[in-house]
Amino acid sequence: MIIEQHYDEEVLIGLLEEADHDSHVPGCETCAGTLESLRDLTGALRDNSVWDERQLSETPAPKTTNMLRAFAERTKAEDAAAAAIVPRLIAAPAMIEVHPEWRTAGVVRKLLGVVDEKNFSEPKVAADLAALAVEVAESIEPGLYPFDTIMKLRATAWRERAYATYYIGSFPESLVALEEADGRLSLCSVSEYEQARTVLVRALLYREIDRLDEASTLARRAKSVFRAYGDRRRAAMADSVEAMLLLRLRRFAEALPIELSLAGDSSLDQEMRANAFLDSGRCYKELGLLSQAKSAYLEAIRSYEALGLSARRAIARWGLARVFFVEGHYEPALTILQELRSEFGELGMAQDVALSALDVADVLLALGRPAEIADLCRASIAYFGKVGLAYSESAMTALAFLRESAERSRVTPSTVESVRTHFELLPKQPNLLFAFPA
């Protein structure tokens, strides 16, 4: 077999002026093509315009300066006007229909600022406001702003909507919002950083709907971008997502060092460190280190109280109640869990209303008070009937089964667990029917 040999670029450069006399080049398509490319390059280098060494002025062009100044002044004026508009709009969202002049980028920015404030204190309110921000952003007339500016604004509104709905357990809505955000970003020029922010929310969501490999890949991708841009906080959030994936896989011994590293990082803000203490508590509990678990949960509770993050504080208290239950301290566990059921209802965290109620059922069984489970189920059924979620009917069916079991004195821990398993699946599969245990 004959192996064809080609000239390297150094040899071809030497043949630029006499390649026709070479025995190989004229008959070799590969070398002839490379030679032609080199001829184009050397021809371009002979053009004097390539070597234009004019000094560029460091003084900004007046036209550019005036344009940037005008944009900055307009943004400032819009934000100032929005500060007065947004409280009225929050109080009466329908007012946007009679005030078309309120459909501005400034109003969207101010709404999203409130969403960010409310995510962990009033998550249902945050989700509703994010939907309003999307509505306003999408209704802004084309041409009022540069195309890329309005597309980025709309993408940001959809991303915040995705996070807010993720947090209250509305996973299908969150997924739709992420698709909308990506669609807007694909239409304009954006940095890796902006894309990474959406990628991180998608990683969080994928973790909840059991697309774990994809979630891990997305988290690592986002982390590399945040590190490149020097955003330590968001890089730490990506680390936290990876740790949460390990929790999901029940690899608690691997997740714990990551969470402890974040909790002890003084460069992070109090909220990030509180989140790390919260997840550390879960790791300690699952590893049977109950004293350390309580300490971690209490540290998280103190931090969330100081920050006014009531939803996160409720989650940390839930973890503490579960530790009390494992220790056999049923009365303090019951007290906390009963308070949490009301809190989760007020916060609009429907799935947590159900799951905390099932924890109450476990405690009541341990206390020998199964008859009270029926009343617990009635209250939960009434809640789901009122909130009208996509999976409310299925939720009420499962709770009705548990209520009837309690009324017939046939409820057991396995009965409660079968209903809990159903509720854990519902946000991912809203149309899932309850399978009655044999």
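All residue numbers in this chain count up from 1 along the given sequence.
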K.L.:
Between His422 and Thr397, does any side-chain donor sit less than 3.5 Å from a side-chain acceptor?
P.N.:
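No, Thr397 and His422 have no side-chain donor paired with an acceptor closer than 3.5 Å.
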K.L.:
Is there a side-chain contact between Ser240 and Asp279 in this structure, where contact means two heavy atoms from C-beta onward sitting under 4.5 Å apart?
P.N.:
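In contact.
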K.L.:
Would you please indicate if the ring centroids of Tyr163 and Tyr166 are separated by under 6.0 Å?
P.N.:
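Tyr163 vs Tyr166: aromatic centres under 6.0 Å.
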K.L.:
Regarding Thr415 and Thr412, is there a side-chain donor-to-acceptor distance under 3.5 Å anywhere?
P.N.:
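Present: a donor and an acceptor within the cut-off.
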K.L.:
What distance separates Ser394 OG from Leu426 CG, expressed to the nearest 0.5 Å?
P.N.:
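If we round to the nearest 0.5 Å, Ser394:OG and Leu426:CG are 4.5 Å apart.
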K.L.:
Please report the interatomic distance CG(Leu307) to CG(Leu309), rounded to the nearest 0.5 Å.
P.N.:
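The CG atom of Leu309 is 5.0 Å from CG of Leu307, to the nearest 0.5 Å.
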K.L.:
Where do Arg369 and Glu331 land on the salt bridge (Lys or Arg N to Asp or Glu O under 4.0 Å) test, with the steps shown first?
P.N.:
CA-CA 12 Å; Arg369 294 155 53 182; Glu331 290 294 349; 3.7 Å; yes
K.L.:
Check step by step if salt bridge (Lys or Arg N to Asp or Glu O under 4.0 Å) holds for Arg233 and Glu271.
P.N.:
CA-CA 10 Å; Arg233 188 180 192 278; Glu271 182 185 338; 3.6 Å; yes
K.L.:
So, taking the atom named CG in Leu347 and the one named CG in Asp352, what distance separates them when rounded to the nearest 0.5 Å?
P.N.:
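Going from the CG atom of Leu347 to the CG atom of Asp352 covers 9.0 Å.
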K.L.:
Does a salt bridge link Glu327 with Lys294, judged by any charged N lying under 4.0 Å from a carboxylate O?
P.N.:
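Salt bridge: yes.
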K.L.:
Quiz question: by atom type and distance under 3.5 Å, do the side chains of Arg103 and Ser139 form a donor-acceptor pair?
P.N.:
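A pair is found: one side chain offers a donor N or O, the other an acceptor, under 3.5 Å apart.
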K.L.:
Hey, does the side chain of Arg248 reach the backbone of Glu208 with a donor-acceptor pair shorter than 3.5 angstrom?
P.N.:
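Checking the backbone N and O of Glu208 against the side chain of Arg248, a donor-acceptor pair under 3.5 Å is found.
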K.L.:
To check you understand the geometry: which heavy-atom pair defines the closest contact between Val86 and Val107, and what is its length?
P.N.:
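That closest heavy-atom pairing would be CG2-O, 3.9 Å.
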K.L.:
Using a strict 4.0 Å threshold on nitrogen-to-oxygen distance, state whether Arg317 and Glu339 make a salt bridge.
P.N.:
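Salt bridge between Arg317 and Glu339, a charged N being under 4.0 Å from a carboxylate O: yes.
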K.L.:
Is the shortest distance from a Lys or Arg side-chain nitrogen in Glu192 or Arg197 to a carboxylate oxygen in the other one below 4.0 Å?
P.N.:
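Looking at Glu192 and Arg197, the cut-off is not met.
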K.L.:
Taking the side chain as every heavy atom from C-beta outward, state whether Val115 and Val125 have any pair of such atoms under 4.5 Å apart.
P.N.:
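They are not in contact (no side-chain heavy atoms under 4.5 Å apart), so the answer is no.
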K.L.:
If you measure from the Lys or Arg side-chain nitrogens to the Asp or Glu carboxylate oxygens, is any gap between Asp128 and Lys124 under 4.0 Å?
P.N.:
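Salt bridge between Asp128 and Lys124, a charged N being under 4.0 Å from a carboxylate O: yes.
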K.L.:
When rounded to the nearest 0.5 angstrom, what distance separates NZ in Lys110 from CD1 in Ile85?
P.N.:
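Here the interatomic distance stands at 11.0 Å.
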K.L.:
Under 4.0 Å between a side-chain nitrogen and a carboxylate oxygen: does that hold for Glu343 and Arg312?
P.N.:
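Here Glu343 does not pair with Arg312 in a salt bridge, since their nearest N and O are not under 4.0 Å apart.
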K.L.:
Is it true that Arg403 and Glu407 have a side-chain N and a carboxylate O under 4.0 angstrom from each other?
P.N.:
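Glu407 and Arg403: salt-bridged.
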K.L.:
Looking at Glu346 and Arg341, is there a salt bridge between them, counting it only when a charged N and a carboxylate O are closer than 4.0 Å?
P.N.:
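No, this pair does not count.
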K.L.:
Between Ile140 and Ala105, what is the shortest heavy-atom contact and its length?
P.N.:
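It is CD1-N, 3.8 Å.
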K.L.:
Counting distance only, does the side-chain N/O of Arg273 pair as donor-acceptor with the main-chain N or O of Ala263 below 3.5 Å?
P.N.:
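Between the backbone of Ala263 and the side chain of Arg273 there is a qualifying donor-acceptor contact (under 3.5 Å).
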K.L.:
Tyr304 and Phe120: aromatic ring centres closer than 6.0 Å?
P.N.:
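No, ring centres 6.0 Å or more apart.
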K.L.:
Checking ring-ring contact (aromatic ring centres under 6.0 Å, His included) for the pair Tyr297/Tyr284: CA distance, chi angles, key distance, verdict?
P.N.:
CA-CA 10 Å; Tyr297 281 130; Tyr284 280 132; 9.3 Å; no
K.L.:
So, Ser405 side chain and Arg410 main chain: donor-acceptor pair closer than 3.5 Å or not?
P.N.:
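Such a contact is absent between Ser405 side chain and Arg410 backbone.
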K.L.:
Provide the closest heavy-atom pair for Val416 versus Leu358 in the form atom of the first, atom of the second, distance.
P.N.:
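Looking at all heavy atoms of both residues, the shortest contact is CG1-O, 3.6 Å.
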K.L.:
I'd like to know if Glu179 and Arg202 make a salt bridge, using a cut-off of under 4.0 Å between side-chain N and carboxylate O.
P.N.:
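Between Arg202 and Glu179 there is a salt bridge, with a charged N closer than 4.0 Å to a carboxylate O.
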K.L.:
With heavy-atom distances below 4.5 Å as the criterion, would you say the side chains of Leu337 and Phe325 are in contact?
P.N.:
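No; the side chains remain at least 4.5 Å from each other.
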K.L.:
On a heavy-atom basis, which atom in Ala316 and which in Leu278 lie closest, and how many Å separate them?
P.N.:
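Of all heavy-atom pairs spanning Ala316 and Leu278, the closest is CA-CD1, 3.5 Å.
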K.L.:
Ignoring hydrogens and geometry, is there a side-chain-to-backbone donor-acceptor pair from Ser303 to Glu299 under 3.5 Å?
P.N.:
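Judged by distance alone, yes, a pair lies under 3.5 Å.
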K.L.:
Do Arg234 and Tyr193 have side-chain N/O donor and acceptor atoms under 3.5 Å apart?
P.N.:
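A donor-acceptor contact under 3.5 Å links the two side chains.
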K.L.:
Return the OG to CE distance between Ser186 and Met151, rounded to the nearest 0.5 Å.
P.N.:
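Interatomic distance, Ser186 OG to Met151 CE, rounded to 0.5 Å: 9.5 Å.
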K.L.:
With the side chain counted from C-beta on, respond yes when Leu355 and Trp318 share a heavy-atom pair under 4.5 Å apart, and no when they do not.
P.N.:
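Yes, their side chains come closer than 4.5 Å.
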K.L.:
Would you please test Arg109 and Glu78 for salt bridge (Lys or Arg N to Asp or Glu O under 4.0 Å) and show each step?
P.N.:
CA-CA 10 Å; Arg109 286 191 293 268; Glu78 278 189 355; 3.5 Å; yes
K.L.:
Quick check: are there more than 12 heavy atoms from other residues, nucleotides or ligands sitting under 6.0 Å from CD of Glu242?
P.N.:
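More than 12 within 6.0 Å, yes.
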K.L.:
Can you tell me how far apart OG (Ser356) and CD (Gln338) are? Round to the nearest 0.5 Å.
P.N.:
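Between atom OG of Ser356 and atom CD of Gln338 there are 10.5 Å.
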K.L.:
Would one find more than 12 heavy atoms of other residues, nucleotides or ligands at under 6.0 Å from atom CD of Glu141?
P.N.:
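No, the 6.0 Å shell around CD holds no more than 12 heavy atoms from other groups.
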K.L.:
Do Glu138 and Trp158 pair up side chain to side chain, a donor and an acceptor below 3.5 Å, judged on atom types alone?
P.N.:
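Judged by distance alone, the side chains do pair up.
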K.L.:
Set out, in order, the CA-CA distance, both residues' side-chain angles and the distance that settles salt bridge (Lys or Arg N to Asp or Glu O under 4.0 Å) for Glu259 and Arg282, then state yes or no.
P.N.:
CA-CA 10 Å; Glu259 298 294 0; Arg282 167 92 188 279; over 6 Å; no
K.L.:
Given 3.5 Å as the limit, does a donor-acceptor pair link the side chain of Thr421 with the main chain of Glu417, or not?
P.N.:
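Looks like yes, one N/O pair under 3.5 Å.
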K.L.:
Do you know the tightest heavy-atom contact between Ala238 and Lys223?
P.N.:
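In this case the closest contact between Ala238 and Lys223 is CB-CB, 3.5 Å.
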K.L.:
Indicate the atoms forming the closest heavy-atom contact of Ser189 with Lys152, along with that distance.
P.N.:
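That closest heavy-atom pairing would be O-CE, 2.9 Å.
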K.L.:
Just checking, Arg211 and Tyr206: is the charged tip under 6.0 Å from the six-membered ring centre and within 45° of the axis?
P.N.:
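Yes, Arg211 lies over the aromatic ring of Tyr206.
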K.L.:
Walk me through it: do Arg161 and Thr165 pass the test side-chain hydrogen bond (donor to acceptor under 3.5 Å, both in side chains)?
P.N.:
CA-CA 6 Å; Arg161 170 74 173 155; Thr165 49; 5.2 Å; no
